[in-house]
Every structure is written in structure tokens, then in C-alpha cells.
Asker: 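Here it is: the structure, laid out below.
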Amino acid sequence: MDLSPFDLNLRHLRSLDAIVERGSMSAAAEAVGLSQPALTQGLAKLEKQIEVVLFERQADGVSPTEAGRVMAERTRAGFAILDAARRGTARRGFARPGQLLTAAQARAFLALVAAGSFVGAAGATGLSQPALHRAVRDLEQIWGQPLVERRGRGVAITTAGSRLARAVRLAGVEIAAGLATIAGDAQRGRIAVGAMPLSRALVLPSALAQFQRGAPRATVDIYEGSWRDLIEPLLDGIIDFTIGALRETAAPGTEQEPLFVDRLTVIGRAGHPLAKVAKPGLGALGAYGWIVGQAGTPLRAHWEAMFDGCPLPANPIECGSVMVIRGVLEKTDLLTLLSPDQVALEIQAGMLARIGGAMAGAERLIGLTVRSGWCPTAAQARLVGLIRAAVQHN
């Protein structure tokens with residue numbers, strides 16, 4: 001089974017919850033505004049597409065299989081996201097637009113958002129430009145708000161359009177999770193992980209190696225970047241979870257799980273003038289230039305706190321790439337503040353060195369960040385469990 005969420009008829013998916021709740025095809029058909037033959041035919045088509053029986057037919061009605069319960073729960077959650085995205089944003093439109101959205105509209109709108117133009121979206125989907133324009137107009141009627149603004153040959157997505165795009169993606173994530181669950185194979189599927197610098201050095205590689213041995217047919221996509229790079233893809237459902245330095249307060253719509261405390265150290269080249277000084281003071285450290293993170297990052301805050309009460313040293317390079325930092329440190333007398341784990345191989349090879357010991361108070365909390373209410377699939381839960389185990393092992 002190789003289906004995407006919007007290959008399925010959304011109206012048929014929406015009916016699953018009504019069938020589970022009422023236990024009768026006739027009662028469910030009345031609730032969703034379909035004839036009983038139409039609903040019965042739609043359910044049969046859906047079961048054929050996903051190659052799983054969702055309901056057992058009985059003399060007194062129907063009862064859901066385990067797969068039926070899973071899909072009903074996941075689709076209910078997905079459509080709730082769509083409806084919630086509309087509440088409080090406009091007086092026009094429909095109160096529950098998720099009940100009217102079609103799979104064709106969802107595909108068309110997401111393609112337009114990704115391409116930034118009707119021409120590009122037409123090329124990506126094979127739909128005609130008039131069909132794309134019609135889909136967007138219909139969505140604007142349903143949502144009661146402009147979703148795009150025409151600008152020359154391209155389009156700009158409005159705030160309402162961005163909110164809708166996120167909701168459609170997240171609804172698709174829920175449906176896809178249901179499909180992955182009922183497939184009954186925790187060794188398959190695709191997982192998207194947002195990896196911040198420290199996690200890439202130690203914890204995540206160990207967990208991925210263990211995961212791959214037990215699930216060789218699964219695919220894990222790694223999105224590298226800083227917290228700022230990864231938070232929006234996480235909220236959009238493009239990334240399933242992130243691992244790295246946590247914020248003091250979780251971003252709206254997310255939850256954080258601490259895993260371990262990382263203790264930072266001043267790092268310089270192996271032959272640095274301070275490399276043999278046991279405990280260099282702030283004056284000695286401040287005499288050299290520094291490579292630091294951009295303003296607003298946890299590492300930058302720790303660096304500034306380290307020199308609290310003293311003039312900040314020169315920081316000619318602001319950079320969050322450990323690869324770039326390593327290369328510059330090897331060739332200069334600049335210093336930086338990093339976790340020793342991030343440059344463990346370079347320290348072992350004699351290219352870089354710790355300058356003094358761990359800095360007092362220079363600690364950061366490393367952990368997982370997920371969307372609020374995230375319900376992982378079996379494969380996602382297994383990878384998260386292996387990450388927790390890797391932390392304990394290391």
C-alpha cells in the first residue's frame with residue numbers, strides 16, 4: 001500500500017467517525033448527508049484502496065475493526081485541526097470548513113503554496129491553471145477569507161492562507177499516521193527528524209544505527225538546522241519531532257521533553273596559547289577573538305553570561321555551523337564555546353583542544369520537541385525510545 005492522504009476521498013474518511021458512533025450505515029448516512037447506497041459504496045471503495053477491512057457487517061449493523069477504530073480516530077483528529085484553524089478568524093465562510101474540503105482542493109492548494117505561482121503548481125500537479133484557480137476560489141468561499149494575493153506572475157499567501165496550509169498539512173499527517181498504523185508494519189514508513197547541532201554529533205547517530213538494524217525498510221529524513229530553522233517545519237507537520245537544545249519556554253503549539261544536560265567548554269586549536277593553561281581567567285579568554293552564535297541563540301546567551309560584568313571580547317564571526325567553526329578554529333587563535341561531544345573526533349585527533357575545564361553555569365538542556373498532542377506511529381515511537389536509550393547509554 002503506497003497511498004498519500006489526499007489520494008483518498010475525504011468525504012468517505014469523514015464518514016468513518018459517524019459509522020463508528022452510530023453502528024449503522026443508514027444512521028451514519030443520514031448524519032453525513034449521503035444516501036445509504038452511496039455511503040456503502042464509498043466505504044467499499046475506501047477499504048479496497050487501503051486494502052484493509054474497516055467494519056464488520058452484522059445483521060444488526062456494523063462494528064469497527066481495530067483498523068476502523070484507528071482510521072476513525074486519526075481522521076477525526078485531522079478534521080478537528082482544519083475546523084480549529086478557521087475558528088475566530090472570520091465571520092464569513094463556514095463554521096466547519098473541514099467538512100467541505102476535498103482532496104483535490106487540498107492537493108491544489110498545497111501545490112500552489114509550495115510553488116508560489118499557478119504556473120509552477122500546474123507543472124507540479126498536472127492540473128490546468130483554470131482548475132487551480134477554481135480550487136482556490138472554492139476554498140476562499142469555504143474559508144470566508146482571501147487565501148492568496150496575486151503579485152505579477154506569482155502569488156503571496158495571506159495570513160489566512162498560511163494558517164489553512166498548515167492545517168491541511170497537519171490533517172494529512174494524521175491521516176498518513178492512520179494509514180501507517182493499519183499497515184501493521186513498524187519496520188516501514190517515513191520519519192522526519194529535525195536535528196540541531198549537538199544531536200547530530202552523538203545521540204542521534206547511535207539511535208539511528210540501532211533503529212535501522214531493526215527496521216531496514218523504514219526511511220528516516222534528517223532535517224539539519226538551528227531551532228529557528230526547524231520550528232516552523234515542525235509546526236507544519238513536515239518534521240515529526242526535533243532533538244537539540246531546548247528553549248526556556250516551549251514555543252506555542254509544542255511540548256518539550258528534557259533528555260540530558262550538556263556542559264559547555266571553551267574550544268580552541270590544539271596549539272593555542274591557552275591550551276596548556278589549566279584555568280585561564282576571563283581576562284585571558286577575553287584577549288582573543290571568538291566565534292559565537294547569532295543573537296537570540298542559547299549558545300550566544302551562555303557566551304554573554306560567561307563574561308557578565310566584563311567587556312565582551314571581539315566576536316568577528318557569528319556562526320551556527322559546527323563544521324565551519326571547526327575549520328576556522330584549526331587555522332586561527334579564535335575561541336568558541338561548544339560541547340566537547342560536538343568536536344570529540346577533532347580533539348581525539350589532536351586538531352582541537354579544550355581550553356580549561358567545563359564552564360561554571362554554562363549548561364544547556366538537550367531534549368525532544370514535538371507538536372502539542374502529537375500521537376506517534378509505532379515506528380516513530382520506537383525511534384524516540386531508542387533516542388532515550390542512547391542518552392542513558394552515553
Asker: Say whether, by atom type as modelled, one donor and one acceptor occur between the side chain of S372 and the main chain of G253 under 3.5 angstrom.
Answerer: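 At least one qualifying donor-acceptor pair exists.
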Asker: Does this structure show an ion pair linking E174 with R74, if we count only N-O contacts that are shorter than 4.0 Å?
Answerer: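 Here E174 pairs with R74 in a salt bridge, since their nearest N and O are under 4.0 Å apart.
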Asker: Short question: side chain of E140, backbone of L147 - any donor-acceptor pair under 3.5 Å?
Answerer: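 Yes, because the side chain of E140 sits within donor-acceptor range (under 3.5 Å) of the backbone of L147.
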Asker: Got more than 12 heavy atoms from elsewhere within 6.0 Å of CD, E248?
Answerer: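 Incorrect, the count does not exceed 12.
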Asker: Is there a path of hydrophobic side-chain contacts, each under 4.5 Å between heavy atoms of I/L/V/M/F/W/Y residues, joining V391 to L208?
Answerer: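 As far as the 4.5 Å side-chain criterion goes, V391 and L208 are connected within one cluster.
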Asker: Hey, does the side chain of R364 reach the backbone of D262 with a donor-acceptor pair shorter than 3.5 angstrom?
Answerer: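 Not confirmed, R364 side chain does not pair with D262 backbone.
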Asker: Linking I/L/V/M/F/W/Y whenever their side-chain heavy atoms sit closer than 4.5 Å, directly or via other members, would L10 and L82 fall into one cluster?
Answerer: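 Yes, same cluster.
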Asker: Is the F307 to W290 ring centre distance short of 6.0 Å?
Answerer: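 They qualify: ring centres under 6.0 Å apart.
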Asker: Is any side-chain heavy atom of L16 closer than 4.5 Å to one of F55?
Answerer: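 The answer is yes, as the side chains (C-beta and beyond) meet within the 4.5 Å cut-off.
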Asker: Side chain to side chain contact (heavy atoms under 4.5 Å, CB included), that's the test. Do I81 and R166 meet it? Break it down for me.
Answerer: CA-CA 9 Å; I81 292 170; R166 172 171 289 177; over 6 Å; no
Asker: Salt-bridge test for E257 and R388: reply yes if a basic N is under 4.0 Å from a carboxylate O, no otherwise.
Answerer: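 So E257 pairs with R388 through a salt bridge.
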Asker: Please assess I239 against V193 for the test side chain to side chain contact (heavy atoms under 4.5 Å, CB included), listing each intermediate value before the final yes or no.
Answerer: CA-CA 6 Å; I239 292 173; V193 180; 5.7 Å; no
Asker: If you draw a 6.0 Å radius around CD in Q41, do more than 12 non-hydrogen atoms from other residues or ligands fall strictly inside?
Answerer: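 For Q41, atom CD is not crowded (no more than 12 foreign heavy atoms under 6.0 Å).
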Asker: In sequence, state the C-alpha distance, the side-chain angles, and the governing distance for L368 and L259, and then conclude on side chain to side chain contact (heavy atoms under 4.5 Å, CB included).
Answerer: CA-CA 7 Å; L368 302 172; L259 293 176; 3.9 Å; yes
Asker: If you count heavy atoms of other groups shown closer than 6.0 angstrom to CD of Q256, is the number above 12?
Answerer: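 Count over threshold, so yes.
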Asker: Give a yes or no answer on whether the side chain of T254 reaches the backbone of A250 with a donor-acceptor pair at less than 3.5 Å.
Answerer: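 No, the answer is negative, given that no donor and acceptor are paired below the 3.5 Å cut-off.
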Asker: For the pair R69 and E66, find out whether any cationic side-chain nitrogen is under 4.0 Å from an anionic carboxylate oxygen.
Answerer: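 Yes.
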